[in-house]
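Along the sequence shown, residues are numbered consecutively beginning with 1. Remember, it's a predicted structure, so these values are computed and weren't measured experimentally.
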Amino acid sequence: MDVNELSARAQAFLFSEGGTLTLKKLGSLLGVKEPELKVALTALSARIEGTGLALIQTETEVSLAVGKETSAAVQKAYERELAGEIGDA
């Protein structure tokens, strides 16, 4: 499997998880060893740069998150939504 396909599959698993996955678990889901996974995650991080998403990675875990360039807009939208729900109560 080439790096682009592997990074796309990693993104799909991370999106469907909706949270953090350990590198071990993600590697297992993808059927690859950690060195190959790290190359794919580096490619994924570069590919999603500027899209409003970010790859958050530690030594043992990885997740998709809202990117810093869009986090303020997302936070404001949620605050407006929450304020509307509280006002309707």
Side-chain angles (χ1 to χ4, degrees):
M1 181 177 341
D2 76 353
V3 173
N4 290 329
E5 183 178 346
L6 188 57
S7 69
R9 288 183 184 189
Q11 182 178 6
F13 278 115
L14 290 167
F15 176 81
S16 66
E17 179 66 25
T20 302
L21 281 173
T22 65
L23 293 175
K24 184 176 180 177
K25 170 88 178 204
L26 184 56
S28 175
L29 291 169
L30 295 168
V32 298
K33 297 199 182 299
E34 191 171 321
E36 190 177 359
L37 176 61
K38 287 189 174 190
V39 170
L41 292 175
T42 299
L44 173 58
S45 183
R47 189 165 48 85
I48 64 173
E49 191 173 323
T51 66
L53 296 176
L55 192 67
I56 308 300
Q57 192 171 352
T58 68
E59 288 185 24
T60 59
E61 298 177 324
V62 63
S63 65
L64 279 177
V66 174
K68 63 183 175 185
E69 67 273 4
T70 55
S71 64
V74 170
Q75 184 175 1
K76 284 182 184 180
Y78 277 125
E79 288 171 357
R80 282 194 309 269
E81 186 174 298
L82 181 60
E85 289 174 4
I86 292 172
D88 293 340

Requested in this report: Please report the C-alpha distance between Glu17 and Leu26 in whole Å, then the side-chain angles of each, then the deciding distance to 0.1 Å, and finally whether the side chain to side chain contact (heavy atoms under 4.5 Å, CB included) criterion is met.
Outcome: CA-CA 10 Å; Glu17 179 66 25; Leu26 184 56; over 6 Å; no

Query - Full working for side chain to side chain contact (heavy atoms under 4.5 Å, CB included) between Thr70 and Thr51 - result: CA-CA 9 Å; Thr70 55; Thr51 66; over 6 Å; no

Report task. Report the C-alpha distance between Val32 and Leu37 in whole Å, list the side-chain angles of each, state the deciding distance to 0.1 Å, and finish with yes or no for side chain to side chain contact (heavy atoms under 4.5 Å, CB included). Result -> CA-CA 6 Å; Val32 298; Leu37 176 61; 4.0 Å; yes

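Glu79 contributes atom CD, which lies 8.5 Å from atom CG of Leu82 (distance to the nearest 0.5 angstrom). Expressed to the nearest 0.5 Å, how far CG of Leu44 lies from CZ of Arg47 amounts to 5.5 Å. How far NZ of Lys25 is from OG1 of Thr20: 13.0 Å, rounded to the nearest 0.5 Å. With rounding to the nearest 0.5 Å, the separation of CG in Leu30 from CE in Met1 is 6.5 Å. Glu34 contributes atom CD, which lies 12.5 Å from atom OG of Ser28 (distance to the nearest 0.5 angstrom). Between atom CD of residue Glu69 and atom CD of residue Glu49 there is a gap of 8.0 Å, rounded to the nearest 0.5 Å.
The side-chain heavy atoms of Leu21 and Glu61, taken from C-beta on, include no pair separated by under 4.5 Å. In this structure, the side chains of Ile48 and Leu53 come closer than 4.5 Å at one or more pairs of heavy atoms. Proximity of Val62 to Leu14: side-chain heavy atoms (C-beta onward) are separated by under 4.5 Å at one or more points.
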